[in-house]
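Scroll down for the structure; my scribbles are underneath it.
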Number of protein chains: 2
Amino acid sequence: MNIGDVAERAGLPAKTIRYYEDIGLITPARSANGYRAFSDSDLHKLAFLGRARALGFSIEDCRALMQLYEDEHRTSAEVRDIALHHLDRIEQKIADLSEMRATLTGLVKSCAGDSRPDCPILESLANPDA
Amino acid sequence: MNIGDVAERAGLPAKTIRYYEDIGLITPARSANGYRAFSDSDLHKLAFLGRARALGFSIEDCRALMQLYEDEHRTSAEVRDIALHHLDRIEQKIADLSEMRATLTGLVKSCAGDSRPDCPILESLANPDA
DNA sequence: ATAGGGCTTCCAGCAACAGGAAGGTCAACA
DNA sequence: TGTTGACCTTCCTGTTGCTGGAAGCCCTAT
(Lines give C-alpha, C1' and ligand atoms only; values in the text may rest on other atoms or scores of the structure.)
Protein backbone atom coordinates (compact mmCIF):
# COMPACT_ATOMS: atom_id res chain seq x y z
CA MET A 1 0.00 0.00 0.00
CA ASN A 2 1.14 3.50 -0.73
CA ILE A 3 0.68 6.30 1.74
CA GLY A 4 -2.52 7.55 0.10
CA ASP A 5 -4.20 4.20 0.58
CA VAL A 6 -3.33 3.82 4.24
CA ALA A 7 -4.20 7.43 4.85
CA GLU A 8 -7.70 6.81 3.62
CA ARG A 9 -8.09 3.46 5.36
CA ALA A 10 -6.70 4.63 8.67
CA GLY A 11 -8.50 7.95 8.46
CA LEU A 12 -5.30 9.90 8.99
CA PRO A 13 -3.72 12.58 6.76
CA ALA A 14 -0.65 11.46 4.84
CA LYS A 15 1.28 14.26 6.52
CA THR A 16 0.47 12.81 9.90
CA ILE A 17 1.60 9.35 8.84
CA ARG A 18 4.93 10.71 7.65
CA TYR A 19 5.25 12.53 10.93
CA TYR A 20 4.58 9.32 12.86
CA GLU A 21 7.36 7.68 10.93
CA ASP A 22 9.65 10.63 11.67
CA ILE A 23 9.16 10.24 15.40
CA GLY A 24 9.51 6.48 15.24
CA LEU A 25 5.96 5.33 15.87
CA ILE A 26 5.96 3.26 12.70
CA THR A 27 8.69 2.05 10.36
CA PRO A 28 7.16 1.18 7.01
CA ALA A 29 9.28 -0.56 4.38
CA ARG A 30 10.32 1.18 1.18
CA SER A 31 9.69 0.18 -2.40
CA ALA A 32 12.43 0.32 -5.02
CA ASN A 33 11.19 3.72 -6.15
CA GLY A 34 11.55 5.18 -2.67
CA TYR A 35 7.85 5.14 -1.88
CA ARG A 36 6.78 3.95 1.54
CA ALA A 37 5.33 0.43 1.32
CA PHE A 38 2.85 -0.15 4.13
CA SER A 39 1.98 -3.60 5.38
CA ASP A 40 -1.31 -4.63 6.97
CA SER A 41 0.49 -4.48 10.27
CA ASP A 42 1.47 -0.87 9.62
CA LEU A 43 -2.12 -0.05 8.79
CA HIS A 44 -3.27 -1.72 11.97
CA LYS A 45 -0.81 0.28 14.03
CA LEU A 46 -1.93 3.49 12.40
CA ALA A 47 -5.55 2.75 13.14
CA PHE A 48 -4.56 1.99 16.74
CA LEU A 49 -2.76 5.30 16.95
CA GLY A 50 -5.67 7.14 15.42
CA ARG A 51 -8.07 5.77 18.00
CA ALA A 52 -5.71 6.47 20.87
CA ARG A 53 -5.21 10.03 19.65
CA ALA A 54 -8.97 10.44 19.28
CA LEU A 55 -9.25 9.58 22.97
CA GLY A 56 -6.84 12.42 23.66
CA PHE A 57 -3.78 10.38 24.57
CA SER A 58 -0.53 12.23 23.99
CA ILE A 59 1.90 10.95 21.42
CA GLU A 60 4.14 9.67 24.19
CA ASP A 61 1.21 7.87 25.78
CA CYS A 62 0.45 6.38 22.38
CA ARG A 63 4.01 5.19 22.06
CA ALA A 64 3.81 3.55 25.47
CA LEU A 65 0.43 1.97 24.70
CA MET A 66 1.70 0.56 21.42
CA GLN A 67 4.74 -0.89 23.12
CA LEU A 68 2.55 -2.49 25.75
CA TYR A 69 0.25 -3.80 23.06
CA GLU A 70 3.18 -5.51 21.40
CA ASP A 71 4.63 -6.79 24.64
CA GLU A 72 3.28 -10.18 25.61
CA HIS A 73 4.63 -9.76 29.11
CA ARG A 74 2.75 -6.56 29.80
CA THR A 75 0.43 -6.27 32.73
CA SER A 76 -3.00 -4.72 32.40
CA ALA A 77 -2.09 -2.60 35.42
CA GLU A 78 0.48 -0.73 33.31
CA VAL A 79 -2.11 0.03 30.67
CA ARG A 80 -4.69 1.05 33.21
CA ASP A 81 -2.20 3.37 34.88
CA ILE A 82 -1.67 5.28 31.67
CA ALA A 83 -5.39 5.53 31.09
CA LEU A 84 -6.03 6.66 34.64
CA HIS A 85 -3.42 9.37 34.49
CA HIS A 86 -4.88 10.55 31.23
CA LEU A 87 -8.33 10.52 32.76
CA ASP A 88 -7.03 12.71 35.57
CA ARG A 89 -5.70 15.25 33.13
CA ILE A 90 -8.96 15.25 31.25
CA GLU A 91 -10.98 15.77 34.39
CA GLN A 92 -8.71 18.61 35.42
CA LYS A 93 -9.20 20.23 32.06
CA ILE A 94 -12.94 19.83 32.26
CA ALA A 95 -12.89 21.40 35.70
CA ASP A 96 -10.83 24.36 34.47
CA LEU A 97 -13.03 24.86 31.46
CA SER A 98 -16.19 24.57 33.51
CA GLU A 99 -14.98 27.32 35.78
CA MET A 100 -14.25 29.53 32.81
CA ARG A 101 -17.64 28.75 31.39
CA ALA A 102 -19.36 29.67 34.63
CA THR A 103 -17.55 33.00 34.87
CA LEU A 104 -18.04 33.81 31.22
CA THR A 105 -21.69 32.89 31.26
CA GLY A 106 -22.24 35.26 34.14
CA LEU A 107 -20.39 38.05 32.39
CA VAL A 108 -22.18 37.55 29.10
CA LYS A 109 -25.54 37.60 30.85
CA SER A 110 -24.72 40.86 32.59
CA CYS A 111 -23.73 42.55 29.34
CA ALA A 112 -26.41 44.33 27.36
CA GLY A 113 -24.69 43.66 24.07
CA ASP A 114 -26.06 46.78 22.46
CA SER A 115 -24.63 49.91 20.86
CA ARG A 116 -23.59 51.57 24.11
CA PRO A 117 -19.99 51.40 25.32
CA ASP A 118 -20.73 50.36 28.91
CA CYS A 119 -19.69 46.78 29.36
CA PRO A 120 -19.46 44.71 32.55
CA ILE A 121 -17.21 42.24 30.76
CA LEU A 122 -14.53 44.85 30.18
CA GLU A 123 -15.07 46.31 33.61
CA SER A 124 -14.57 42.95 35.20
CA LEU A 125 -11.34 42.42 33.27
CA ALA A 126 -10.10 45.90 34.03
CA ASN A 127 -11.18 46.16 37.64
CA PRO A 128 -12.49 42.93 39.10
CA ASP A 129 -12.87 44.12 42.69
CA ALA A 130 -14.98 47.13 41.85
CA MET B 1 8.85 49.85 37.91
CA ASN B 2 11.21 47.20 36.63
CA ILE B 3 9.98 44.00 35.09
CA GLY B 4 10.36 42.03 38.31
CA ASP B 5 8.04 44.39 40.15
CA VAL B 6 5.28 44.32 37.56
CA ALA B 7 5.70 40.59 37.20
CA GLU B 8 4.94 40.13 40.85
CA ARG B 9 2.15 42.66 40.96
CA ALA B 10 0.47 41.43 37.80
CA GLY B 11 1.04 37.81 38.70
CA LEU B 12 2.72 37.10 35.38
CA PRO B 13 6.19 35.69 34.69
CA ALA B 14 8.73 38.20 33.42
CA LYS B 15 9.18 36.01 30.36
CA THR B 16 5.52 36.40 29.54
CA ILE B 17 5.68 40.15 29.90
CA ARG B 18 8.63 40.36 27.51
CA TYR B 19 6.71 38.18 25.13
CA TYR B 20 3.69 40.46 25.34
CA GLU B 21 5.90 43.36 24.42
CA ASP B 22 7.36 41.37 21.52
CA ILE B 23 3.95 40.81 20.03
CA GLY B 24 2.86 44.37 20.62
CA LEU B 25 0.37 43.97 23.45
CA ILE B 26 2.23 46.49 25.57
CA THR B 27 4.92 49.07 24.83
CA PRO B 28 6.69 49.96 28.05
CA ALA B 29 9.17 52.85 28.08
CA ARG B 30 12.89 52.29 28.57
CA SER B 31 15.18 53.68 31.21
CA ALA B 32 18.61 55.06 30.33
CA ASN B 33 20.17 51.73 31.25
CA GLY B 34 18.01 49.86 28.78
CA TYR B 35 15.72 48.38 31.41
CA ARG B 36 12.00 48.39 30.70
CA ALA B 37 10.28 51.13 32.73
CA PHE B 38 6.68 50.20 33.41
CA SER B 39 4.03 52.76 34.17
CA ASP B 40 0.93 52.16 36.25
CA SER B 41 -0.95 52.03 33.00
CA ASP B 42 1.32 49.23 31.77
CA LEU B 43 0.73 47.36 34.97
CA HIS B 44 -2.99 47.81 34.60
CA LYS B 45 -2.89 46.47 31.07
CA LEU B 46 -0.89 43.46 32.15
CA ALA B 47 -3.35 42.68 34.91
CA PHE B 48 -6.14 43.00 32.36
CA LEU B 49 -4.34 40.61 30.05
CA GLY B 50 -3.66 38.19 32.86
CA ARG B 51 -7.33 38.03 33.76
CA ALA B 52 -8.42 37.66 30.16
CA ARG B 53 -5.89 34.87 29.62
CA ALA B 54 -7.06 33.20 32.83
CA LEU B 55 -10.53 33.09 31.30
CA GLY B 56 -9.02 31.27 28.37
CA PHE B 57 -9.20 34.07 25.81
CA SER B 58 -6.65 33.69 23.04
CA ILE B 59 -3.93 36.27 22.65
CA GLU B 60 -5.72 37.70 19.63
CA ASP B 61 -8.95 37.90 21.60
CA CYS B 62 -7.02 39.69 24.33
CA ARG B 63 -5.63 42.12 21.81
CA ALA B 64 -9.13 42.84 20.55
CA LEU B 65 -10.54 43.18 24.06
CA MET B 66 -7.81 45.63 25.03
CA GLN B 67 -8.43 47.70 21.95
CA LEU B 68 -12.12 47.80 22.72
CA TYR B 69 -11.36 48.70 26.31
CA GLU B 70 -9.35 51.67 25.13
CA ASP B 71 -11.87 52.70 22.50
CA GLU B 72 -14.47 55.08 23.84
CA HIS B 73 -16.64 54.46 20.81
CA ARG B 74 -16.86 50.73 21.30
CA THR B 75 -20.18 49.01 21.63
CA SER B 76 -20.82 46.42 24.29
CA ALA B 77 -22.14 44.19 21.49
CA GLU B 78 -18.61 43.87 20.09
CA VAL B 79 -17.28 42.79 23.44
CA ARG B 80 -20.13 40.40 24.02
CA ASP B 81 -19.57 38.85 20.60
CA ILE B 82 -16.00 37.98 21.43
CA ALA B 83 -17.04 36.52 24.75
CA LEU B 84 -19.84 34.50 23.17
CA HIS B 85 -17.58 33.03 20.53
CA HIS B 86 -15.11 32.12 23.18
CA LEU B 87 -17.86 30.55 25.23
CA ASP B 88 -18.82 28.45 22.22
CA ARG B 89 -15.31 27.17 21.85
CA ILE B 90 -15.15 26.35 25.53
CA GLU B 91 -18.41 24.45 25.43
CA GLN B 92 -17.23 22.51 22.42
CA LYS B 93 -14.07 21.59 24.23
CA ILE B 94 -15.99 20.52 27.29
CA ALA B 95 -18.22 18.37 25.11
CA ASP B 96 -15.24 16.73 23.42
CA LEU B 97 -13.50 16.10 26.71
CA SER B 98 -16.66 14.77 28.30
CA GLU B 99 -16.99 12.23 25.55
CA MET B 100 -13.40 11.16 26.02
CA ARG B 101 -14.00 10.90 29.73
CA ALA B 102 -17.06 8.73 29.24
CA THR B 103 -15.24 6.34 26.94
CA LEU B 104 -12.14 6.22 29.08
CA THR B 105 -14.09 5.71 32.27
CA GLY B 106 -15.83 2.74 30.72
CA LEU B 107 -12.56 1.27 29.53
CA VAL B 108 -10.82 1.78 32.83
CA LYS B 109 -13.67 0.13 34.69
CA SER B 110 -13.55 -2.87 32.43
CA CYS B 111 -9.83 -3.37 32.95
CA ALA B 112 -8.71 -5.52 35.85
CA GLY B 113 -5.48 -3.57 36.29
CA ASP B 114 -3.63 -6.57 37.62
CA SER B 115 -0.54 -8.53 36.63
CA ARG B 116 -2.15 -10.35 33.72
CA PRO B 117 -1.66 -9.16 30.14
CA ASP B 118 -5.32 -9.26 29.08
CA CYS B 119 -6.56 -5.71 28.73
CA PRO B 120 -9.84 -4.46 27.29
CA ILE B 121 -8.31 -1.02 26.87
CA LEU B 122 -5.72 -2.27 24.43
CA GLU B 123 -8.23 -4.53 22.77
CA SER B 124 -10.56 -1.65 22.22
CA LEU B 125 -7.78 0.43 20.68
CA ALA B 126 -6.61 -2.45 18.51
CA ASN B 127 -9.93 -3.85 17.45
CA PRO B 128 -12.87 -1.68 18.44
CA ASP B 129 -15.56 -3.66 16.62
CA ALA B 130 -14.70 -6.98 18.19
C1' DA C 1 5.89 13.72 -25.32
C1' DT C 2 3.29 15.60 -22.09
C1' DA C 3 -0.11 16.26 -18.59
C1' DG C 4 -1.98 14.87 -14.21
C1' DG C 5 -1.71 12.87 -10.05
C1' DG C 6 0.85 10.86 -6.33
C1' DC C 7 5.03 10.39 -4.09
C1' DT C 8 9.55 12.25 -1.91
C1' DT C 9 12.32 15.55 1.18
C1' DC C 10 12.97 19.69 3.62
C1' DC C 11 11.74 24.11 5.65
C1' DA C 12 8.55 27.28 7.89
C1' DG C 13 4.89 28.20 10.93
C1' DC C 14 1.05 27.75 14.35
C1' DA C 15 0.01 29.07 20.28
C1' DA C 16 1.92 30.89 24.03
C1' DC C 17 5.20 30.80 26.13
C1' DA C 18 9.67 28.37 29.06
C1' DG C 19 14.54 27.40 29.59
C1' DG C 20 19.01 28.72 29.20
C1' DA C 21 23.32 31.05 27.54
C1' DA C 22 26.08 35.19 27.41
C1' DG C 23 26.54 39.41 29.04
C1' DG C 24 25.37 44.36 31.03
C1' DT C 25 23.81 46.85 35.57
C1' DC C 26 23.08 48.05 40.17
C1' DA C 27 23.17 48.11 45.24
C1' DA C 28 25.45 46.51 49.16
C1' DC C 29 29.05 44.99 51.84
C1' DA C 30 33.97 44.04 53.22
C1' DT D 1 37.69 49.82 45.70
C1' DG D 2 36.58 45.39 44.54
C1' DT D 3 33.48 41.91 44.36
C1' DT D 4 29.43 39.37 45.06
C1' DG D 5 24.74 38.42 43.92
C1' DA D 6 20.42 39.77 42.25
C1' DC D 7 18.43 41.76 38.53
C1' DC D 8 18.14 43.09 33.83
C1' DT D 9 19.08 42.56 28.58
C1' DT D 10 18.91 39.92 23.95
C1' DC D 11 18.91 35.83 21.32
C1' DC D 12 18.21 30.99 20.36
C1' DT D 13 16.09 26.66 21.14
C1' DG D 14 12.35 23.61 22.52
C1' DT D 15 7.64 22.47 23.58
C1' DT D 16 2.91 19.58 21.07
C1' DG D 17 1.21 17.69 17.00
C1' DC D 18 0.89 18.50 13.36
C1' DT D 19 -0.15 21.62 8.58
C1' DG D 20 1.16 24.12 4.37
C1' DG D 21 4.12 24.80 0.77
C1' DA D 22 8.16 24.52 -2.38
C1' DA D 23 11.03 21.80 -5.39
C1' DG D 24 11.44 17.79 -7.57
C1' DC D 25 10.98 12.57 -8.80
C1' DC D 26 7.71 8.72 -10.40
C1' DC D 27 3.98 6.53 -12.81
C1' DT D 28 0.17 6.13 -15.89
C1' DA D 29 -2.66 7.56 -19.62
C1' DT D 30 -3.33 9.83 -23.73
Side-chain angles (χ1 to χ4, degrees), chain A residues 1-38 42 45-46 48-66 85-86 89-90 92-93 96-97 100, chain B residues 1-38 42-43 45-46 48-66 82 85-86 89-90 92-93 96-97 100:
Chain A
M1 278 176 285
N2 281 348
I3 199 168
D5 303 322
V6 277
E8 187 171 354
R9 296 196 207 181
L12 292 172
K15 280 275 190 190
T16 298
I17 296 175
R18 289 194 196 99
Y19 173 65
Y20 287 174
E21 181 184 12
D22 257 17
I23 62 175
L25 284 179
I26 51 166
T27 43
R30 293 287 177 148
S31 305
N33 59 12
Y35 287 15
R36 288 169 184 83
F38 294 86
D42 292 324
K45 281 190 192 178
L46 287 169
F48 182 104
L49 291 169
R51 284 185 287 264
R53 291 288 300 136
L55 283 178
F57 284 107
S58 72
I59 290 284
E60 287 318 306
D61 279 350
C62 290
R63 194 190 300 276
L65 289 170
M66 282 250 309
H85 278 123
H86 180 42
R89 286 190 294 269
I90 284 181
Q92 186 57 57
K93 274 191 192 176
D96 292 347
L97 289 169
M100 290 178 195
Chain B
M1 279 176 285
N2 282 347
I3 200 168
D5 301 322
V6 278
E8 186 171 355
R9 295 196 208 183
L12 292 172
K15 281 274 188 190
T16 298
I17 296 174
R18 291 195 194 97
Y19 173 67
Y20 286 173
E21 181 185 10
D22 258 16
I23 62 174
L25 284 179
I26 52 167
T27 43
R30 294 286 178 149
S31 304
N33 59 12
Y35 287 16
R36 289 170 184 81
F38 294 86
D42 292 323
L43 173 56
K45 282 189 193 180
L46 286 169
F48 182 104
L49 290 169
R51 284 186 287 264
R53 291 287 300 134
L55 284 178
F57 284 107
S58 72
I59 290 284
E60 287 319 306
D61 279 350
C62 290
R63 195 189 300 275
L65 288 170
M66 282 248 311
I82 295 177
H85 278 124
H86 180 42
R89 285 191 294 271
I90 285 180
Q92 185 58 56
K93 273 191 192 176
D96 293 347
L97 289 169
M100 290 180 194

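Naming: A, B, ... by sequence-line order, numbering from 1 per chain. Note that the structure is predicted; figures quoted are calculated from it, not measured.
Between Thr16(A) and dG17(D) there is no side-chain N or O to OP1 or OP2 distance below 4.0 Å. Considering only side-chain N and O atoms, Ser58(A) lies nowhere under 4.0 angstrom from the phosphate OP1 or OP2 of dT16(D).
In this structure, Ile82(B) CD1 and Glu60(B) CD are separated by 11.0 Å, a value rounded to the nearest 0.5 Å. Here NE2 of His85(A) is found 12.0 Å from CZ of Phe57(A). Values are rounded to the nearest 0.5 Å.
Within the 4.5 Å cutoff, no side-chain heavy atoms of Arg36(A) are placed close to those of Met1(A). Residues Ile26(A) and Ile17(A) meet the side-chain proximity criterion, which asks for heavy atoms closer than 4.5 Å. When side chains are defined from C-beta on, Asp61(B) counts as touching Arg89(B), because their heavy atoms get closer than 4.5 Å.
Distance Ile26(A) CD1 to dG17(D) C1': 15 Å, rounded to the nearest Å. Separating the CZ atom of Arg63(B) from the P atom of dC17(C) is a distance of 12 Å, rounded to the nearest angstrom. Between the C1' atom of dC11(C) and the CG atom of Asp22(A) lies a distance of 12 Å, rounded to the nearest Å. Atoms CG (Leu25(A)) and P (dG17(D)) sit 10 Å apart, rounded to a whole Å. Distance CG (Leu46(A)) to C1' (dG17(D)): 15 Å, rounded to an integer number of Å. Atom P of nucleotide dC7(D) and atom CE of Met1(B) are separated by 17 Å, given to the nearest angstrom.
Of the candidates dG20(D), dA16(C), dC11(D), dC11(D) carries the atom nearest the Lys15(B) side chain, counting heavy atoms from C-beta on. Of the listed nucleotides (dC17(C), dG17(D), dA18(C)), dG17(D) has the atom at the smallest distance from the side chain of Tyr19(A). The Arg53(B) side chain lies nearest to dA16(C) when the options are dG19(C), dA16(C), dT19(D).
A donor-acceptor pair under 3.5 Å is formed between the side chain of Asn33(B) and the backbone N or O of Tyr35(B).
Checking Glu21(B) against Ile59(A), the closest nucleotide of DNA chain D that is more toward the 5' end is the one next to Glu21(B). Between Glu60(B) and Asn33(B), the one whose closest nucleotide on DNA chain C sits nearer the 5' end is Glu60(B).
Phe57(A) comes within 4.0 angstrom of no nucleic acid atom, judged by non-hydrogen atoms across all strands.
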Next item on the list: Do nucleotides 3-8 of chain C as a string where each nucleotide becomes B, S or -: B if the base has a protein heavy atom under 4.0 Å, S if just the sugar-phosphate does, - if no protein is that close.
Entry: ---BSB
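In this structure, Lys15(A) does not pair ionically with Asp22(A), as no charged nitrogen and carboxylate oxygen lie closer than 4.0 Å.
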